[in-house]
Every structure is written in structure tokens, then in C-alpha cells.
Amino acid sequence: GYAQVAIPFYRSGNHSEKVRRIRAYTYNLEEGKHTKTPLKQSDIQELSLDENHSVLKFAMPAVEKGSIIEVSYRKESSFITHVDRWNFQQKIPKQYCSYQVVLPEYFYFDVLQRGSLPPQIFEKCKITVTATGKNLSKGQMTYNAQEYYWEFSDISAIKQEYLAPPLEDYTPSVEMQLVSHSFPGEGTKYYTSTWEDIDQILEGHPFLGKQLGSFEFMASDLDLFIAGRNRDSIPIPEVLRWIQNKVTWNGQHGYLTSGP
């Protein structure tokens, strides 16, 4: 249920997204008085989904029927090609929802908004950010950034309508797609391209497209499966069931193979 919160984050090699400043409270009405129960940081658990994906999970404290829950956090990421999609509307009503994204000025993103729910506040402005770190000259660096901010209030619950597309297709949300980056003294590098270019990249990927075109790992089993039978007369559903019985899930989430 919604009292079980999971905050996803990504890691690759020695780099990982950082989830900071997790704050969570449960509000109840007890004997005519409002109570506020905070989440204990010790109740937050980290769970690894696969080599690259993990979540921070916790259960909201003191939740009962009619409770109001409040959750906020900050995520810092060095993975420039991806910014989390944020859903403003869910299957439960919300009193308030806000989303803030700060991007260094060197990166240009397309902002893709979905749904018909208009925000009460939307701001886009330039700000100055000071970053600190042991790998930076003099321990810190100041740069200009682009800030995006959305704010909603009194959001009704959304529900799946009969014969309507999947809920994810029309849930009010925002996504950000990296278009290009341009560093001082360097040219501009573009990331987005045509669908044909994307198709070619995916087909040539050693852990995706090239794997789809290679079935040597199943060839010997397939020979046994069709032995003594007319290959062209075997029903496709039967072949599909055979493949499904041969494939098991390794418990990891993703769409790339673990090796070439």
C-alpha cells in the first residue's frame, strides 16, 4: 500500500545516486487532537534489485485508516542522461505535491509533461549553485543552473477507466530528456536523434540487439524438441510454451544481458 514507501536510485561502477534528507511524517486525529509521528532514520532499509538498481524502503509509522502521510527527500545524481519521471497524481488523493529539478547550465533537456492537470505554480529560472567536494579545485565550484519547480494542491485520485489506455499513459507527470551538452571551450554534443538512429544503436548493442539475433545457446535443446517432427507443422503456441519453460528469472530487473 501507500504506507510502504520505496525510493529508487541508480548506481554504476563506483558512482551512485545519493538520496538525502528523507523526511516522513504520519498525521492522525486522536481524541480530537492532531498527532504527528516522524519516521525514524533507523527504519530505512536499502534493498538491491540488481547490479545497477536499488531502493530505499520504509514503512510509514503509526498509519491507520484516515491517516495523512507526508514524504520528502532530495536526490543527487551524476548520471546526466536520466532524470526521474515524477507522477503528480496517484490512486490516492493528495493535499499537496511539489517537484524541483536543478540542472547545470551546460546541459539542455526537453521537458515532457503529460496529462491535463495544470500546476498551481510552475517556475523556470536561472540560479547560482555552489558545489563542494574533495575532487574540486579549492574544495568547491560555483556554476549557473536551470531550476524547474512544479507545485500542486488538492489533487484528486486517479483511476483506470474502462477501455482507456494504461494509466501510465495519461497520469499527470513530467519527464526530462537530455538533448545535448556544451562545455566551455568544447563543441556541442547531441544525444537525441531519429528513431532510425535509436533503432540502429539498440540493434548494435552487444548486450541487447546482438543477443536477440543469436540463439546458439538454445540450438541444441531446440534440435531435441523438433527431432522427428516437421518443423513447419509445429504450432507457435507450443514453441512459445517450450521457451517459457526453459527460461527462468534470475531475480534481477533490467533489459540488458549480463554479458555479450
Side-chain angles (χ1 to χ4, degrees), residues 1-10 17-41 43-47 49-50 53-77 82-103 109-125 147-177 253-255:
Y2 289 92
Q4 304 292 325
V5 180
I7 304 173
F9 65 97
Y10 183 82
E17 293 181 320
K18 305 295 184 184
V19 180
R20 307 183 189 275
R21 303 181 189 176
I22 297 178
R23 302 288 186 270
Y25 304 93
T26 300
Y27 299 89
N28 289 306
L29 184 63
E30 299 178 0
E31 298 180 355
K33 296 182 179 180
H34 293 281
T35 63
K36 177 181 178 180
T37 306
L39 172 74
K40 297 179 181 178
Q41 295 298 306
D43 290 337
I44 302 173
Q45 298 181 332
E46 181 177 328
L47 176 64
L49 302 179
D50 58 39
H53 300 87
S54 299
V55 293
L56 293 176
K57 300 188 70 174
F58 55 88
M60 296 297 297
V63 171
E64 57 190 49
K65 186 176 181 180
S67 294
I68 297 175
I69 61 175
E70 176 186 359
V71 179
S72 65
Y73 61 91
R74 171 175 175 169
K75 182 184 287 187
E76 300 172 0
S77 177
H82 176 73
V83 177
D84 289 343
R85 167 175 169 162
W86 187 262
N87 292 333
F88 297 111
Q89 196 172 18
Q90 292 178 288
K91 293 181 180 179
I92 57 173
K94 294 181 179 181
Q95 287 188 337
Y96 176 83
C97 177
S98 66
Y99 184 51
Q100 179 190 40
V101 181
V102 177
L103 303 167
F109 283 78
D110 268 343
V111 179
L112 311 174
Q113 292 188 239
R114 181 183 286 109
S116 58
L117 185 69
Q120 274 75 28
I121 298 176
F122 171 69
E123 296 177 348
K124 176 183 177 182
C125 60
E147 179 189 53
Y148 297 85
Y149 179 78
W150 292 263
E151 185 176 300
F152 295 79
S153 59
D154 299 323
I155 309 169
S156 61
I158 191 171
K159 63 179 181 178
Q160 178 70 53
E161 298 290 347
Y162 181 65
L163 296 180
L167 201 60
E168 285 290 300
D169 289 353
Y170 58 90
T171 297
S173 61
V174 62
E175 291 181 84
M176 309 191 80
Q177 184 180 64
H253 299 265
Y255 58 89

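For the numbers below, each heavy atom of this structure counts, side chains included, while hydrogens, waters and symmetry mates do not.
- Looking at every heavy atom in both residues, Tyr96 comes nearest to Glu151 through OH-OE1, 3.2 Å.
- Considering only residues two or more places apart in sequence or on other chains, Tyr2 meets the side-chain contact (heavy atoms from CB on, under 4.5 Å) condition with Gln90, Lys91, Ile92.
- Counting all heavy atoms, side chain and backbone alike, Gln89 lies closest to Ser156 at NE2-O, 2.9 Å.
- When the salt bridge (Lys or Arg N to Asp or Glu O under 4.0 Å) test is applied to Arg21, no partner is found at least two apart in sequence or on another chain.
- With sequence neighbours left out, the ring-ring contact (aromatic ring centres under 6.0 Å, His included) criterion links Phe152 to Phe88.
- For the side-chain contact (heavy atoms from CB on, under 4.5 Å) test, no residue two or more places apart in sequence or in another chain qualifies with Asp154.
- Applying the salt bridge (charged side-chain N to carboxylate O under 4.0 Å, His left out) test to residues at least two apart or on different chains, the pairs with a partner in residues 162-172 are Arg85-Glu168.
- Between Ile158 and Pro172, some side-chain heavy-atom pair lies under the 4.5 Å cut-off.
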Test log, rule side chain to side chain contact (heavy atoms under 4.5 Å, CB included), inputs Val71 and Phe58: CA-CA 11 Å; Val71 179; Phe58 55 88; 4.2 Å; yes

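- Taking CH2 of Trp86 as the reference point, atom CH2 of Trp150 lies at 11.5 Å (rounded to 0.5 Å).
- In this view, Arg23 satisfies the salt bridge (Lys or Arg N to Asp or Glu O under 4.0 Å) rule with no residue, not counting sequence neighbours.
- Remark: Gln95 CD to Glu70 CD distance equals 9.5 Å, nearest 0.5 Å.
- Nearest approach of Lys75 to Phe9, heavy atoms of both residues: NZ-CA, 4.2 Å.
- Shown here are the ring-ring contact (aromatic ring centres under 6.0 Å, His included) partners of Tyr27, two or more places apart in sequence or in another chain: there are none.
- Residues meeting the salt bridge (Lys or Arg N to Asp or Glu O under 4.0 Å) test with Glu76, sequence neighbours left out: Arg20, Arg74.
- In this structure, Gln120 and Ser153 approach most closely via the heavy-atom pair OE1-N, 2.9 Å.
- Annotation: side-chain contact (heavy atoms from CB on, under 4.5 Å) contacts of Glu147 (sequence neighbours excluded): Gln100, Val102, Cys125, Ile127.
- The 12-atom threshold is exceeded at NZ of Lys94, counting heavy atoms of other residues, nucleotides or ligands nearer than 6.0 Å.
- Atoms OH and CD, from Tyr10 and Glu17 in turn, are 9.0 Å apart once rounded to the nearest 0.5 Å.
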Derivation and outcome, side chain to side chain contact (heavy atoms under 4.5 Å, CB included), residues Val83 and Leu103: CA-CA 10 Å; Val83 177; Leu103 303 167; 4.2 Å; yes

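- Around the CD atom of Glu30, the shell of radius 6.0 Å holds more than 12 heavy atoms that belong to other residues, nucleotides or ligands.
- Separation of atoms NZ (Lys57) and CD1 (Ile7) is listed at 12.0 Å; rounding is to 0.5 Å.
- Among residues two or more places apart in sequence or in another chain, the ring-ring contact (aromatic ring centres under 6.0 Å, His included) test is passed with Tyr170 by none.
- Nearest heavy atoms, Gln160 versus Pro166: OE1-C, 3.8 Å.
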Donor-acceptor pairs are to be reported for all side-chain atoms of residues 60-68 against protein atoms at under 3.5 Å, with residues two or more places apart or in another chain.
residue : atom : partner : partner atom : Å
Ser67   : OG   : Asn28   : OD1          : 2.4
Ser67   : OG   : Glu64   : N            : 2.8
Ser67   : OG   : Glu64   : O            : 2.8

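- Partners of Lys33 according to the side-chain contact (heavy atoms from CB on, under 4.5 Å) rule, which considers only residues two or more places apart in sequence or in another chain, do not exist here.
- Here CD1 of Ile69 is found 11.0 Å from CG of Leu39. Values are rounded to the nearest 0.5 Å.
- Across all their heavy atoms, Ile22 and Leu56 have their closest contact at CD1-CD1, 3.8 Å.
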